[in-house]
Amino acid sequence: MRGMNKHAMLPIALTAVIAAGCGKPGPVAMAQLPDIDGAAVLAHTKVLSSDEFEGRAPGTKGEDLTVNYLVDQFTRIGLKPGNTDGTYVQKVPLVGITPTPASLVFAKGKEQLNLKWKDDVVAWTKQVADVVILNKSELVFVGYGVVAPEYNWDDYKGVDLKGKTLVMLVGDPPVPDPANPSALDPKTFGGNAMTYYGRWTYKYEIGAMKGAAGVLIVHETGPAGYGFNVIQGKTGEQFDLVTPDKNMGRAAIEGWITLDQATKLLRMSGQDFDALKKQAVTRDFKPVPLGVTASMTIRNTLRTIDSKNVMAKLVGSDPALKDEYVVYTAHWDHFGKTAEGIFHGARDNASGTAALLEIGRAFTKISPPPKRSILLISVTAEEQGLLGSQYYAVTPVYPLAKTVAEINMDELNVTGPTTDLTLIGYGASDLDDYARTAAGEQGRTVHGDAEPEKGYYYRSDHFNFAKMGVPALNPDQGVVYASRPREYGQRVRDNWTTNLYHTPKDVVTPEWDLSGAAQDLKLLLAVGYRVAQADKVPEWKPGNEFKATRDAAKDRR
Ligand SMILES: [Zn+2]
């Protein structure tokens with residue numbers, strides 16, 4: 001462009017630092033990497049969260065505007081189409097399934113127990129079908145329903161469970177510490193921290209893998225972390241991906257029953273809930289057939305939506321390594337327009353989407369380009385259950401075995417610089433070490449999140465990559481604000497969770513300060529760049545639940 005400062009157009013030439021006495025080049029210093037422009041991030045955020053974009057719901061005019069904006073920006077920045085078909089998009093077919101209320105019947109001979117829809121049972125199907133039926137399926141109690149090779153744990157012991165309905169406990173098996181029986185064993189299922197085996201999504205997945213017809217989780221407020229009222233919110237339409245077999249690989253019926261009904265069920269079968277629960281915390285536990293059957297018929301209303309992931313890439317400069325990828329993700333979607341008003345989703349996650357664009361721009365300024373390729377994916381339908389990222393993870397454009405790292409951005413820091421950075425699931429992989437080193441160069445520290453028992457690591461888009469074995473980093477904003485009193489961080493958090501999160505009030509305000517976000521993003525740029533340059537690819541730490549999947553994928557490379 002005429003009149004533009006020519007110097008600003010020149011890429012930043014990088015020279016690796018030669019470590020003293022070693023001769024081997026060390027990583028490029030942070031100061032040599034391009035800065036992230038906070039003003040540019042703010043400008044994109046304002047557009048994406050404007051009234052015109054209608055809250056960016058999948059399948060609406062808001063989606064069209066968002067996708068067009070991102071494609072236009074990626075093109076202007078000079079990034080290449082991320083899909084191998086030469087486009088910047090990956091189509092994501094979604095199905096919305098709304099169940100009609102139905103009751104669940106447990107039967108043993110003439111004896112019957114009727115569970116009332118919503119009061120006693122919340123159930124649905126992920127199968128794309130007008131009707132699904134459990135017809136006198138035999139109930140089997142399977143404890144926590146976990147298969148965890150790294151903990152030498154298998155609740156199934158090879159028992160054939162095809163066509164059965166599995167009754168499972170929520171959470172990780174709470175194994176006591178042999179050295180201190182009043183505490184949880186830190187070496188088994190992460191101690192106090194939740195592992196993926198504790199999440200309800202895992203329970204339905206393993207049930208499907210066992211060929212079960214039904215999976216019923218027993219709700220208990222403590223280990224679930226929320227009351228049954230939260231589960232009752234799942235009685236309406238749920239979105240999901242559609243597999244080629246129309247999700248027929250899933251159990252026909254998935255659901256939750258109350259603790260009260262579970263206790264009655266076990267009494268009916270001549271068992272005692274508390275006694276079985278105790279057995280379930282041991283490695284010797286075996287599935288217990290209950291001698292009771294389950295019957296339920298759910299009728300569904302179906303609709304389909306075609307949504308899109310938006311993708312751009314920067315091709316790596318090393319002929320041997322350019323087929324390996326460092327991926328950044330940020331979900332573009334939010335809740336759209338409802339009776340309550342427009343859910344603008346400015347921080348969640350117009351901000352992260354804006355960051356993705358500016359991280360991409362920063363990479364184009366680095367010369368020579370990184371050895372490995374950089375892939376930026378703005379995913380859809382995160383708010384509907386991480387569906388866009390799941391679609392990419394099960395239908396990847398580039399092999400996941402060659403995807404060396406994933407870095408997710410969801411909700412930037414909009415309240416000024418912090419002297420720290422939170423890494424959710426801190427210590428999971430070598431990526432945390434990269435982040436700690438980069439933070440140190442900024443004079444900052446890193447730490448894990450304050451509530452590991454809530455399993456936040458399993459609740460954003462990076463997780464779908466982790467599950468497939470790709471080491472994934474999930475940063476969250478820091479909590480110690482520079483030149484602010486210590487309690488300021490807690491005030492910021494509380495204000496977000498109680499007043500703004502998932503409400504129409506998540507908008508850009510004049511108080512927004514993206515200087516802290518610019519710092520966080522530069523750190524994430526350094527992490528991705530250094531991973532793209534490194535001789536050795538990042539790995540999960542020993543004992544991590546995703547390590548076995550990664551090792552198996554690498555054997556197939
Ligand atoms: Zn979000």
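Side chains are part of it too, since the values below use all heavy atoms of this structure and drop only hydrogens, waters and symmetry mates. Keep in mind it's a predicted model, so treat the numbers as computed, not measured. When a ligand or atom number is given, it counts from 1 through the structure's own listing order.
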Residue [X], metal the Zn ion (ligand 1), N/O/S under 2.8 Å:
{"X": "His331", "value": "yes"}
{"X": "Glu382", "value": "no"}
{"X": "Glu411", "value": "no"}

Donor-acceptor under 3.5 Å (Asp520 side chain, Leu523 main chain): no
Audit row: Val527, Ile407, side chain to side chain contact (heavy atoms under 4.5 Å, CB included) steps and yes/no: CA-CA 9 Å; Val527 171; Ile407 300 168; 4.0 Å; yes
Stepwise salt bridge (charged side-chain N to carboxylate O under 4.0 Å, His left out) test for Asp494 and Arg491: CA-CA 5 Å; Asp494 291 348; Arg491 282 218 303 275; over 6 Å; no
Mutual orientation of the aromatic rings belonging to Phe335 and His502 [parallel < 30°, tilted 30-60°, perpendicular > 60°]: perpendicular
Name of the Asp410 atom (N/O/S only) found closest to the Zn ion (ligand 1): OD1
Name, closest N/O/S atom of Asp348 to the Zn ion (ligand 1): OD1
Cation-pi, Tyr488 ring and Arg484 (6.0 angstrom, 45 degrees): yes
